[in-house]
2 protein chains.
Amino acid sequence: MDEYRETELKKRISESTIRRLSLYHRALETVEENGKETVSSKELAKMEKLTPAQVRKDLSFFGSFGTRGLGYPVTDLKVKIARILGIDRIWNIALVGVGNVGSALVSYKEFARQGFKIVKLFDNDQRKIGSNHKGIVVSDVKNIVSELSGSEIEMVVVCVPGSVAQFVVDDIVKAGLRAILNFAPINLKVPDNVFVRNENMAMELEYLSYALVNNHSKNRVK
Amino acid sequence: MDEYRETELKKRISESTIRRLSLYHRALETVEENGKETVSSKELAKMEKLTPAQVRKDLSFFGSFGTRGLGYPVTDLKVKIARILGIDRIWNIALVGVGNVGSALVSYKEFARQGFKIVKLFDNDQRKIGSNHKGIVVSDVKNIVSELSGSEIEMVVVCVPGSVAQFVVDDIVKAGLRAILNFAPINLKVPDNVFVRNENMAMELEYLSYALVNNHSKNRVK
DNA sequence: TCATCTATGTGAAAGCCTTCACAAAATAGG
DNA sequence: CCTATTTTGTGAAGGCTTTCACATAGATGA
């Protein structure tokens, strides 16, 4: 296989592999900035704390991108991974809930840098509706279905309290959108063709808490 | 086994199990609010989109908390999971990088609610140093080693740009801290006894991008 | 008290993901 | 052109995680 095409793909690619593709992509950006033209699986692995075999196996699901004895062409591989991930384009995004977290994300440079463009804001607070955040006027969330339906927006970031997140998400689904990044600490119910990713920052601190309390060590010899 | 003790534990508990404990904990909070006194593995599973067998297996690593024919005692199980996770106490936390994301987290209620208390702020920007965020005065990051060493702070949230994150983390390690929640999009190098959790929000959007472009469906029949 | 029902706890099986190990392919240097 | 070296691509093995399936134990109701 020389080039990846989803329609030809039989095997399901695991979630872990896709997440690592993101890591390879950012590692390749770094390598490219340093002016290197080729990079080995060993070097990529070291940069992201993985094994060389893992890197090669992941990439092999999508094609043969490397040259034996030499490694992978940096820019070329970066472009190919971007194409696989679908980040070789601009994605227009709406954000609901312009609170602390929401307004931080409006200005979050990493989103913009990767082509994720927040173009619409919603809130239910009359004091916020009509106000301007980084050039975007906040709309009333009660119009969300009509404003998103048939628009150029394909993803929504949800930063509302848990108590109302399900209602907001029901509307997003009603508008026909299929990709949601959820910051509310609840399990959202959506149809099977809608994708939800959860960002649960408190959960990560809980994991750290567990690790400290149980005195784990990555290297522990038992 | 009736009660969980780490020192007696032989088998390593998987990361996924610990993450799910957080989910069970929040589900139990909801169930408790609704006034129920017992809950079955089936109900817990439904709330977090898992399987009943998964719930029972996870809990069984730590003890026998349920009653056959009846289910689990809600409050009791919640308290026991909190103890396992180490969230039956207050954790004092420092935050470095009072930018968009950093200052949003200072006001993030979910942290406070779970006992994660941000008590110290650092930045390298002279305009921010000395300013007040929610009652906390921002300190100069160049004093971070001395200010953290031997303090009551045990975790650090890092919200600085990728280009300086490694330097900040080196200082955190130097100060003897062992738990870091990292928002910078780089792989941090730390000794094996230091725990790092990465919060990579752009990566989650990249996953959504991949899912949309490749028209996956959780239920696809191949 | 006894029969029925419900839901846990857990070995075993199945499934999934990572690592191993090596043939193959290309480079590099003479 | 030939040999030594490097590094990929990949079946197979190994290891880890989830799911299955059922014995067990307590609840419930007559």
Side-chain angles (χ1 to χ4, degrees), chain A residues 1-4 9-21 23-24 27-28 31 36-74 76-77 80-81 84 216 218 220 222, chain B residues 1-4 9-21 23-24 27-28 31 36-74 76-77 80-81 84 216 218 220 222:
Chain A
M1 188 172 17
D2 185 46
E3 178 91 13
Y4 166 71
L9 195 70
K10 293 289 168 295
K11 202 182 312 175
R12 197 190 120 76
I13 305 292
S14 79
E15 176 175 325
S16 330
T17 292
I18 301 306
R19 292 178 63 84
R20 283 191 298 267
L21 285 189
L23 299 182
Y24 304 147
L28 287 163
V31 173
K36 284 194 67 181
E37 295 197 350
T38 57
V39 66
S40 67
S41 58
K42 197 173 162 188
E43 292 169 296
L44 282 177
K46 182 149 189 235
M47 292 179 73
E48 296 294 345
K49 209 162 197 207
L50 301 164
T51 65
Q54 179 86 80
V55 174
R56 295 200 299 278
K57 181 65 99 180
D58 282 338
L59 295 177
S60 77
F61 291 134
F62 301 98
S64 298
F65 304 126
T67 305
R68 291 172 193 224
L70 192 60
Y72 299 93
V74 175
D76 190 52
L77 182 58
K80 277 175 172 144
I81 290 178
I84 293 166
H216 275 284
K218 278 170 265 178
R220 84 212 267 209
K222 260 281 169 188
Chain B
M1 189 172 19
D2 184 47
E3 177 91 12
Y4 167 69
L9 195 69
K10 292 289 169 296
K11 203 182 313 174
R12 196 191 120 77
I13 306 292
S14 79
E15 175 175 327
S16 329
T17 293
I18 301 307
R19 294 177 62 84
R20 282 191 299 268
L21 285 189
L23 299 181
Y24 304 147
L28 288 163
V31 173
K36 284 193 66 180
E37 295 197 350
T38 57
V39 66
S40 67
S41 59
K42 196 173 164 187
E43 293 169 296
L44 281 177
K46 180 150 191 234
M47 292 178 73
E48 297 295 344
K49 209 163 197 206
L50 301 164
T51 64
Q54 179 86 82
V55 174
R56 294 200 300 277
K57 182 64 100 179
D58 282 338
L59 295 177
S60 78
F61 291 134
F62 302 96
S64 298
F65 304 126
T67 304
R68 293 172 193 223
L70 192 62
Y72 299 93
V74 174
D76 190 52
L77 182 58
K80 276 176 173 145
I81 290 178
I84 293 166
H216 276 284
K218 277 170 267 178
R220 85 212 267 208
K222 259 279 167 185

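Here is how names work: the chains are called A, B, and so on, in the same order as the sequence lines, proteins then strands, and each is numbered from 1.
The side-chain contact (heavy atoms from CB on, under 4.5 Å) search around A/Lys46 returns none, not counting sequence neighbours. In this structure, B/Tyr72 has no side chain to side chain donor-acceptor pair (under 3.5 Å) partners at least two apart in sequence or on a different chain. Partners of B/Glu48 according to the side-chain contact (heavy atoms from CB on, under 4.5 Å) rule, which considers only residues two or more places apart in sequence or in another chain, are A/Asn187, B/Leu23, B/Arg26, B/Ala27, B/Leu50. B/Lys36 is linked by a side chain to side chain donor-acceptor pair (under 3.5 Å) to B/Glu43, counting only residues two or more places apart in sequence or in another chain. For the side chain to side chain donor-acceptor pair (under 3.5 Å) test, residues two or more places apart in sequence or in another chain that qualify with B/Ser14 are B/Thr17. Evaluation of the side-chain contact (heavy atoms from CB on, under 4.5 Å) rule for B/Thr51 yields B/Ala53, B/Gln54 as partners, not counting sequence neighbours. Considering only residues two or more places apart in sequence or on other chains, A/Glu15 meets the side-chain contact (heavy atoms from CB on, under 4.5 Å) condition with A/Arg19, A/Arg197, B/Tyr207.
Atom-to-atom, CZ of B/Phe65 to P of D/dG26 comes out at 17 Å; the value is rounded to the nearest Å. The distance from atom CZ of B/Phe61 to atom P of C/dT8 is 16 Å, rounded to the nearest whole Å. Taking atom CZ of A/Phe62 as the reference point, atom C1' of D/dT10 lies 16 Å away to the nearest angstrom. Rounding to whole angstrom units, CZ of residue B/Arg19 and P of D/dT17 are separated by 14 Å. Whole-Å rounding puts the A/Arg12 CZ to C/dC16 P distance at 9 Å. One interatomic measurement links the two molecules: CD of B/Glu48 to P of D/dT18, which rounds to 15 Å at whole-angstrom precision. Between the C1' atom of D/dT19 and the CZ atom of B/Arg20 lies a distance of 12 Å, rounded to the nearest Å.
The one candidate from B/Val39, B/Val74, B/Asp58 that meets the side chain to side chain contact (heavy atoms under 4.5 Å, CB included) condition with B/Leu44 is B/Val39.
Using a 4.0 Å cut-off, some side-chain N or O of B/Tyr72 falls inside it from OP1 or OP2 of C/dG9. Side-chain N/O atoms of A/Ser41 include one lying less than 4.0 angstrom from OP1 or OP2 on D/dT8.
A/Pro52 approaches A/Ala45 most closely through the heavy-atom pair N-CB, 3.5 Å.
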Give each protein N/O atom lying under 3.5 Å from an N/O atom of nucleotides 23-30 of chain C, with the pair distance.
residue : atom : partner : partner atom : Å
C/dA24  : N3   : A/Arg68 : NH1          : 2.8

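Non-hydrogen atoms lying under 4.0 Å from DNA chain D are contributed by B/Thr51, B/Ala53, B/Gln54, B/Arg56, B/Lys57, all within residues 50-59 of chain B.
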